[in-house]
Amino acid sequence: MSDRRRYCYASGLGLGVPALEELCARGFPPGLVVSHPAELAHCSGYHDYGALADRLGLPHLRAALDSGEVREALTFHGIDLMVVAGWSGTVPEEVLSSLALGGVGLHPAPLPVGRGRAPIPWTILRDMRSSAVTLFHIEGEEHSGDIVDQAWFDVAPDATAAGLYERVGLLQAELLVRHMEGLLEGTAPRRPQSGHASVWPRRRPSDGHLDLTASGSDVDRMVRALAEPYPGAFAMFGSARITLCSGRLVGGVAGGAPGQVVATGRGREWGITCGDGAVFVPEVLRVDEGVRARPTSLAMFRPGTFFEAPSQHMLEGTRRAPLPGQAPSGPNRVVPAARTAPEARAAEPGVPGAGEGGARSRAPAPEEGASGANVSGAPDASGTSGAAGEAGAEVPEARGSEQRVSEGRVPEAQAPQAGVPDTRGPEPQTPEAQAGDGTDLAPGIMAGDPGPADQR
């Protein structure tokens, strides 16, 4: 590689591993690998490139791209081009301008559609049937640089974030291997972006709060879109935060009221009733931020109990237009608090004892806050002119007051309600973000200041 221009490979996420391995196997090893420092290990999809760089015999540096260490290393190793393939952070303009060939990034969206944040979750949440990975030049506004090439792929109706994450990693490898020679020689294809541009807003872990009055297909879509490596879709059960890691919709099972736990008739298997009567059966879940567990192993989820509605504090903390399957931003949707089967029956119209005295109320669980993170190259609201990183931090534990899951204790109920009225109204529509700098999003969507919990 002595007579070839040299490039730096920047990636702090597992998304970028396949491309680095393939580039080395095809005779295009980078002159330097830069990855996230250890303090960003909380980001979803984080990968420590130290062992991989050692195995491949590559110089490696853990540092932020705006650090003096990186600038010195770029000069020392004679770097001409920066390739950003999954980075949670910013690529400073002064760093790019110091390189003879500038920088290129990879973004798992069909640019100019899908500039901005969380491209993999948004692909599923918007129920897209096809998408693309875009190799583009890092310059100008967020993800707006000239396109080198795009690799299109189909999105299955039951696609999960984990499956798309793996698929995108392989497509990034194909694009870089195909064009690396031309990129280093300055002869790679280049065309301006054309057509309608859209900006997908950032997503926080709190945006995964499920709206169990939504249809079963919408709840299923939320669970699939926020599966690993993202923080996950969740609902509150008493004082416990229940993250649904995976699951499926089942037919032929009589559901109850929205949010109610029902038996499916298969051993101890249970499901959650959605707003249209469909039943979603969790296959793997987490209680608070504990280990993954089989739902049938937890005695707390007895048929007839209820998941809780989002607290007002949570609603105020996620002031934005709701997505299908996501907790609403207003009080018009109600899911009863956790109740036992006798209490649920007592709440039915005409049943003696129904009313405010039927149960003692509980204080709402505190909100689990989180902030988001920037990605790539110029001042942006999601990863400026940089490559698409897929960051997103796990949310701190939501510990309730002395609830012990192992003992199977169910929280005391809130005052029972006289029946469960259908308050769903029209299904919420997914807001379309407008092109721009990340601040001109659809009404109800807040751009905000990014932080390390973004679902990049």
Discussion item. Aromatic contact between Tyr49 and His60, with the criterion being ring centroids under 6.0 Å apart: yes or no?
Written reply: no

Does any non-hydrogen side-chain atom of [Y] lie less than 4.5 Å from one of [X]?
X: Phe280; Y: Val223; result: yes
X: Arg241; Y: Val287; result: no
X: Thr305; Y: Gln260; result: no
X: Val177; Y: Glu22; result: yes
X: Trp152; Y: Val133; result: no
X: Arg224; Y: Met222; result: no
X: Val262; Y: Pro303; result: no
X: Leu210; Y: Val219; result: yes

Heavy-atom donor-acceptor pair, [X] side chain to [Y] backbone, under 3.5 Å:
X: Ser35; Y: Gly12; result: no
X: Gln193; Y: His143; result: yes
X: His196; Y: Pro112; result: no
X: Ser198; Y: Gly114; result: yes

Worksheet item: What class does the angle between the rings of Trp270 and Phe301 fall in, given that below 30° is parallel, 30 to 60° is tilted and above 60° is perpendicular?
Response: parallel

Practice prompt. Report the relative orientation of the aromatic rings in His36 and Trp87; use parallel for angles under 30°, tilted for 30 to 60°, perpendicular for over 60°.
Written response: tilted

Response to the item:
For Arg292, the salt bridge (Lys or Arg N to Asp or Glu O under 4.0 Å) test, sequence neighbours excluded, returns Glu228

Straight-line distance of [X] [atom1] to [Y] [atom2], nearest 0.5 Å:
X: Leu15; Y: Leu170; atom1: CG; atom2: CG; result: 10.0 Å
X: Glu283; Y: Arg294; atom1: CD; atom2: CZ; result: 8.0 Å
X: His209; Y: Leu226; atom1: NE2; atom2: CG; result: 12.5 Å
X: Phe234; Y: Leu244; atom1: CZ; atom2: CG; result: 10.5 Å
X: Arg266; Y: Thr296; atom1: CZ; atom2: OG1; result: 11.0 Å
X: Leu249; Y: Cys274; atom1: CG; atom2: SG; result: 6.5 Å

Identify the heavy atoms of [X] and [Y] that sit nearest to each other, and give their distance.
X: Ile124; Y: Thr160; result: CD1-C, 3.5 Å
X: Gly16; Y: Ser11; result: CA-OG, 3.5 Å
X: Val34; Y: Ala63; result: CG1-O, 3.6 Å
X: Asp276; Y: Gly216; result: OD1-N, 3.1 Å
X: Tyr9; Y: Ala85; result: OH-CB, 3.4 Å
X: Pro37; Y: Ala64; result: CD-N, 4.2 Å

Practice prompt. For residues 47-56, pull every pair meeting salt bridge (charged side-chain N to carboxylate O under 4.0 Å, His left out), keeping only residues two or more places apart or in separate chains.
Written response: Glu21-Arg55, Asp48-Arg62

Worksheet item: Is Arg203 positioned over the aromatic face of Trp122, cation under 6.0 angstrom from the ring centre and no more than 45 degrees off axis?
Response: yes

Worksheet item: What's the verdict on side-chain contact (heavy atoms from CB on, under 4.5 Å) for Ile272 and Phe306, showing C-alpha distance, side-chain angles and the deciding distance?
Response: CA-CA 8 Å; Ile272 309 168; Phe306 281 79; over 6 Å; no

Item to complete: Evaluate the side-chain contact (heavy atoms from CB on, under 4.5 Å) criterion for residues Leu61 and Val70: first the C-alpha distance (whole Å), next the side-chain angles of each, then the deciding distance (0.1 Å), finally the verdict.
Response: CA-CA 8 Å; Leu61 175 65; Val70 167; 4.0 Å; yes

Practice prompt. Tell me, with the steps shown, if Leu20 and Leu58 meet side-chain contact (heavy atoms from CB on, under 4.5 Å).
Written response: CA-CA 11 Å; Leu20 179 58; Leu58 302 173; 4.0 Å; yes

Between the side chains of [Y] and [X], is the shortest nitrogen-to-carboxylate-oxygen separation below 4.0 Å, so that they form an ion pair?
X: Arg115; Y: Glu141; result: no
X: Arg202; Y: Glu142; result: no
X: Asp218; Y: Arg221; result: yes

Worksheet entry | Test log, rule salt bridge (Lys or Arg N to Asp or Glu O under 4.0 Å), inputs Arg178 and Asp149 | CA-CA 10 Å; Arg178 185 186 311 160; Asp149 198 1; 2.8 Å; yes

Worksheet entry | side chain to side chain donor-acceptor pair (under 3.5 Å) assessment of Gln150 paired with Thr134 | CA-CA 4 Å; Gln150 292 179 314; Thr134 303; 3.0 Å; yes

Practice prompt. Determine, stepwise, if the pair Val148 / Phe136 fulfils side-chain contact (heavy atoms from CB on, under 4.5 Å).
Written response: CA-CA 5 Å; Val148 176; Phe136 68 102; 5.9 Å; no

